[in-house]
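Down below is the structure, laid out as structure tokens.
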Amino acid sequence: MNIILLGPPGAGKGTQATNLEERHSMLQLSTGDMLRETRKADTELGRQVADVMDSGALVSDEIVSAMIDAKLESMDDSIGAIFDGYPRTAAQAHSLDDILAKHGRKLDHVIELAVDEDALVDRITGRFTCANCGEGYHDRHKQTAESGVCDKCGSTDFKRRPDDNEETVRTRMQEYRAKTAPILPIYEERGIVTRVDGMASIDEVTAALDAILS
Ligand code: AP5
Ligand code: MG
């Protein structure tokens, strides 16, 4: 099974992809996470990617599609892919078709996480992750069980994303509206889009996704 999780910044793509990975035989392919790895490197590409991400604009189609192609190349055929944050433009949607065909895969579902944009700034500015294992949290919606200690690995080191400030979030949302939302009809024509209420609780959204995948 290969699925796309589609939704604006803060819709819950990453949170749900992680939950699905644990419950199904699937792997999260997040271009955002891959680009955050790329920007760590002290290279020209790393610096370019960091500048684009911090502005809230989109990185070039060629760079992200090449990353997805390389990931699928290295993946076992029996493991399903959860595309998180990819594709984000019509060009990427067409590249994904080619890449999937090349790897003998097909797209089963495009799941749109429908959210109220006003709530997203709150979700994003409250987000933090464990610096050691990457587990995601939120200041109000998903706190650690013990204050300041990661539930999963026990680390006391946490971090926040540099693009999680209100100004950049607004640009990221504009990019979503202008370039990503318009790709939905490509998949609607194929009859593979399901809409899920992304404003429900994290567990309720996971249950809705489980029902689609079962
Ligand atoms: P990316 O990392 O993909 O960011 P994004 O799309 O802006 O989405 P987020 O990761 O912010 O949100 P999410 O939907 O994953 O929400 P999450 O689950 O964390 O991309 C970053 C940048 O990289 C882009 O701006 C661009 O520059 C570049 N990029 C990436 N891919 C690209 C591509 N394909 N092409 C070109 N450029 C690309 O949830 C958010 C918070 O809310 C968390 O704290 C969580 O705990 C909480 N939460 C989640 N669900 C709920 C819920 N149901 N109720 C309450 N709280 C919730
Ligand atoms: Mg994410």
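Read the numbers this way: they start at 1 and go in the same order the structure lists the ligands and their atoms. For reference, positions follow the sequence shown, starting with 1.
Below 3.5 Å of separation, one finds an N or O of Gln92 facing an N or O of ligand 1. Below 3.5 Å of separation, one finds no N or O of Lys142 facing any N or O of ligand 1. Below 3.5 Å of separation, one finds an N or O of Arg36 facing an N or O of ligand 1. Of the N or O atoms in Pro9, none lie within a sub-3.5 Å distance of an N or O in ligand 1. Residue Val64 places no N or O, backbone or side chain, under 3.5 Å from any N or O of ligand 1. Backbone and side-chain nitrogen or oxygen atoms of Met53 are examined, and none is located within less than 3.5 angstrom of a nitrogen or oxygen of ligand 1. Between Met199 and ligand 1, not a single N/O pair is under 3.5 Å apart.
Residue nearest to atom 28 (C) of ligand 1, selected from Thr168, Leu5, Leu6, Leu35: Leu35 (by heavy-atom distance). Distances from atom 31 (N) of ligand 1 to the heavy atoms of Asp51, Thr18, Thr31 show the closest one on Thr31. Here the shortest heavy-atom distance to atom 52 (C) of ligand 1, taken over Met173, Arg123, His138, belongs to Arg123.
Ring orientation note: the planes of Phe158 and Phe128 are nearly perpendicular, at an angle over 60° on the 30°/60° scale.
Atom 18 (O) of ligand 1 has Thr15 OG1, 2.5 Å as its closest protein atom, hydrogens excluded (heavy atom only). The protein heavy atom nearest to atom 20 (O) of ligand 1 is Arg88 NH2, 3.4 Å. Residue, atom and distance of the protein heavy atom nearest to atom 19 (O) of ligand 1 are Arg127 NH1, 2.6 Å. In this structure, atom 10 (O) of ligand 1 lies nearest to the protein heavy atom Arg161 NH1, 3.0 Å.
Checked for salt-bridge contact, Asp61 and Arg88 miss the test: no charged N lies under 4.0 Å from a carboxylate O. For the pair Asp139 and Arg123, the salt-bridge criterion is not met [side-chain N within less than 4.0 Å of a carboxylate O]. With respect to Arg172 and Asp164, a salt bridge is recorded, a charged nitrogen being found less than 4.0 Å from a carboxylate O.
Neither Ile82 nor Ile192 shares a network with the other; the hydrophobic side chains, linked directly or stepwise wherever heavy atoms of I, L, V, M, F, W or Y lie under 4.5 Å apart, form separate groups for each.
Residue Arg170 is tested with Glu167, Glu166, Gln174 for a side-chain hydrogen bond (donor to acceptor under 3.5 Å, both in side chains); the sole match is Glu166.
Contacts between Glu175 and ligand 1, counted as non-hydrogen atom pairs separated by less than 4.0 Å, are absent for every part of the residue. In Val59, the parts holding a heavy atom less than 4.0 Å from any atom of ligand 1 are both the side chain and the backbone. With a 4.0 Å cut-off on non-hydrogen atoms, Ala57 touches ligand 1 through its backbone and not its side chain.
Under a 4.0 angstrom heavy-atom cut-off, Gly136 registers as lying outside contact with ligand 1. For the ligand labelled ligand 1, residue Ala200 lies inside the 4.0 Å heavy-atom shell. The closest approach between Ser30 and ligand 1 stays at or above 4.0 Å for every heavy atom of the residue. Between Phe128 and ligand 1 there is no heavy-atom distance shorter than 4.0 Å.
Contact atoms of ligand 1 toward Gly198: 53 (N) (distance under 4.0 Å to a heavy atom of the residue). Residue contact check: Ser201 has heavy atoms under 4.0 Å from atoms 53 (N) of ligand 1.
Using a 4.5 Å cut-off on side-chain heavy atoms (C-beta onward), Leu58 and Thr89 make contact.
A side-chain donor-acceptor contact under 3.5 Å links Thr206 and Gln16.
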